[in-house]
Amino acid sequence: MKQGLSLRVSQHLALTPQLQQSIRLLQLSTLELSQEVEQMLDENPFLEVPEDDAPREEFGPAQADTPNGDDDRDIDFAPNSVANSHDGVRAEDQNEAETALSGQDDAPGWDGDGTNEVRPDDSEWGGDAPARSGNLDDADAPDATELAGSQESLQSHLHRQALSLRLSELDCAALRFLIESLNDDGYLEDSLESLARGLAGADEEQVQELVQRFTVALALLQHLEPTGVGARNLGECLALQLRALRDARDGDASRMAVIAVALRICAQPMDLLARRDVRRLAPLCDAGEAEVRAAIALITRLEPKPGRRFAAVERNIVVPDVIVVNVAQGGQPRFRVQLNADVMPRLRVHDVYANALRAHKSGARDAASHAALQQRLQEARWFIKNIQQRFDTILRVSNAIVERQKSFFVHGELAMRPLVLREIADELGLHESTISRVTTAKYMATPYGTFELKYFFGSGLGTETGGNASSTAVRALIKQFVAAEDLSKPLSDNQLADMLKEQGIECARRTVAKYREALRIAPTNLRKAL
């Protein structure tokens, strides 16, 4: 093999630490960004949260949430009303970042330009946002955790009822143990024997004694409120509620007959009840089909999860990143898109530390530490700029979405237009993956509710006129058809497809079924009223 030297010219773009941080901040949600800011405040001494509302200056990050267009971002749906000159520079940087190699082995270097002076763009970012109080002034005010835990749990409700029972110490302990073994729905998932073995181990005599204790305690538990608690399966839960209705004797003979049939249905496999298979249930329960339908109607009014109303439901509150306000004063609708000040972190470079670093003359002995502090200062500056760029990009994309989906903001989801990420990317001069990052876990408050930015994107279905209909609008139309259907004769997927065709929308039955399942609408046999 012959050895030799050769030259090869190639181009490649490396992601700088600044661009890496910009991309990472762009894809973070509001909560993740807040955590990132808190971490950076702990690590970088040159960053601080101002305690007072300092006046904004006319340069640097103060321009982040000011309009990039005219008239305070009033969107009158004119062409090219979103993009502007200084955003184009950021768009070019992000496009270069998207085409760069994903793997970067070099350590981040926040090398500055060699100056320590306080710059105009070192001013406060997010000055319109209120400062975090941290509940320091309101020490007695309950926090969200205390408010969430104020609701009485199922176990507490049952323990309070157990206090009124005159039981021996062992029976009371057994009842308390079973109550604590219930799941959130009020079911006893583990068998009595397995619970006994968990306490007694391999001692068979003690296991049998515990099983007897638990059997007595289970009978007591199943007589407590809510009715059906302590059941081992769905059939037993429904049967407990039916027996309570039967023991109440608040109906005539015909009602008692229906309850008797319903009890026999609960003894059968639950899949027959789920499918409402009247033909198979009638001979198994030794009843007529009319009686079985009446019994199923009675069962549907029971509670399959007795502990549902005691469950501590975690309420996830969505805070929008942008807010759309209708500013129309005449006949033509106009919308203004603005950033939500509550999600904008208030940051600025610590003036005292930056001035001290500038005034300090480094010698040969502390040159390394002085360079490290310079790097920290530059890192703080870039962090503020990248947060500004994040909110600028979100605002630009939101304006483009509002401009494209004008019909939605006027008429609702039935008027949604087909929209893909590529259209917004081409309009703003950004990469498609950048639009994907911006629209993920970012929310917009509209007159019709709060939606994720991805909600406004959807594929198109062909129409008879040659145009396209948004899949979001088609799903809304299917929901409307189902809401207006006759419950005695619910619409099938084929019928829904035919009704869409009458509206000029070509939609196959399989597509209708997919949209119906996405909307969590039950199939025809489960929607039928008996």
Side-chain angles (χ1 to χ4, degrees), residues 73-82 318 320-338 394-428 435 438-440 442-485 491 493 495-508 511-521:
R73 286 286 184 180
D74 287 348
I75 306 302
D76 55 359
F77 307 101
N80 302 325
S81 62
V82 179
V318 175
D321 297 86
V322 292
I323 302 173
V324 179
V325 182
N326 190 351
V327 294
Q329 297 180 353
Q332 185 178 4
R334 297 179 63 191
F335 298 93
R336 182 177 64 196
V337 183
Q338 61 189 24
I394 293 175
L395 188 60
R396 293 179 60 206
V397 172
S398 300
N399 275 285
I401 290 174
V402 172
E403 186 175 357
R404 289 296 186 97
Q405 297 292 2
K406 172 185 175 181
S407 299
F408 167 82
F409 292 94
V410 177
H411 303 290
E413 59 183 353
L414 286 174
M416 186 80 77
R417 292 179 50 192
L419 183 64
V420 294
L421 299 177
R422 172 61 63 183
E423 297 181 38
I424 302 297
D426 293 341
E427 179 179 342
L428 300 182
I435 305 299
V438 172
T439 55
T440 301
K442 316 297 188 303
Y443 294 88
M444 175 186 292
T446 71
Y448 295 96
T450 301
F451 304 94
E452 189 179 12
L453 295 185
K454 277 192 179 298
Y455 171 79
F456 299 96
F457 295 85
S459 58
L461 298 175
T463 61
E464 293 180 353
T465 59
N468 289 325
S470 171
S471 58
T472 304
V474 173
R475 286 194 292 267
L477 201 56
I478 292 174
K479 186 193 302 183
Q480 191 179 76
F481 289 155
V482 173
E485 69 182 358
L491 298 172
D493 294 338
Q495 290 175 320
L496 291 173
D498 294 338
M499 295 175 70
L500 290 174
K501 189 173 183 180
E502 293 176 0
Q503 300 291 328
I505 301 174
E506 298 290 341
C507 189
T511 306
V512 171
K514 181 179 70 173
Y515 289 165
R516 176 181 55 75
E517 293 173 357
L519 293 170
R520 296 184 178 180
I521 297 177

Only distances under 3.5 Å count here; give the side-chain donor-acceptor pairs of residues 409-420 to other protein atoms, sequence neighbours excluded, each with its distance to 0.1 Å.
unit_1: Glu413; atom_1: OE1; unit_2: Tyr455; atom_2: OH; d: 3.0
unit_1: Arg417; atom_1: NH1; unit_2: Arg404; atom_2: O; d: 3.2

**Asked** What heavy-atom pair brings Leu421 and Lys454 nearest, and what distance separates the two atoms?
**Response** CD1-NZ, 4.4 Å
**Request:** Verify, without hydrogens or angle tests, whether Asn326 (side chain) and Phe335 (backbone) share a donor-acceptor contact under 3.5 angstrom.
**Result:** no
**Request:** State the NZ-CG distance between Lys479 and Leu519, to the nearest 0.5 angstrom.
**Result:** 6.0 Å
**Asked** Are side-chain heavy atoms of Val402 and Met444 found at a separation under 4.5 Å?
**Response** yes
**Asked** Between OG1 of Thr446 and CD of Gln405, what distance do you get to the nearest 0.5 Å?
**Response** 11.5 Å
**Asked** What is the distance from atom CD of Glu452 to atom OG1 of Thr440, rounded to the nearest 0.5 Å?
**Response** 6.0 Å
**Complete:** So CZ of Phe481 and CG of Leu477: to nearest 0.5 Å the spacing works out to 3.5 Å
**Request:** For side-chain contact (heavy atoms from CB on, under 4.5 Å), just list the numbers for Leu500 and Ile478, CA-CA rounded to whole Å, side-chain angles, deciding distance to a tenth of an Å, and then say yes or no.
**Result:** CA-CA 8 Å; Leu500 290 174; Ile478 292 174; 4.1 Å; yes
**Message:** On a heavy-atom basis, which atom in Ala497 and which in Cys507 lie closest, and how many Å separate them?
**Reply:** CB-O, 3.5 Å
**Item:** Test item: Lys501 side-chain N/O and Met499 main-chain N/O as donor-acceptor pair under 3.5 Å
**Value:** no
**Message:** Apply side-chain contact (heavy atoms from CB on, under 4.5 Å) to residues Leu395 and Val337 and explain how you reach the verdict.
**Reply:** CA-CA 7 Å; Leu395 188 60; Val337 183; 3.9 Å; yes
**Request:** Under the side-chain contact (heavy atoms from CB on, under 4.5 Å) rule, what do Ile424 and Phe457 come out as? Steps first, then yes or no, please.
**Result:** CA-CA 10 Å; Ile424 302 297; Phe457 295 85; 3.7 Å; yes
**Asked** Within the side chain of Arg516, is there an N or O that forms a donor-acceptor pair under 3.5 Å with the backbone of Ile521?
**Response** yes
**Prompt:** Once you round to the nearest 0.5 Å, how far does CD1 of Ile435 lie from CZ of Arg396?
**Reply:** 8.0 Å
**Val322 to Ile394 - nearest heavy-atom pair and separation** = CG1-CG2, 3.9 Å
**Asked** Can you name the closest pair of heavy atoms from Pro447 and Val324 and give their distance?
**Response** CD-O, 4.2 Å
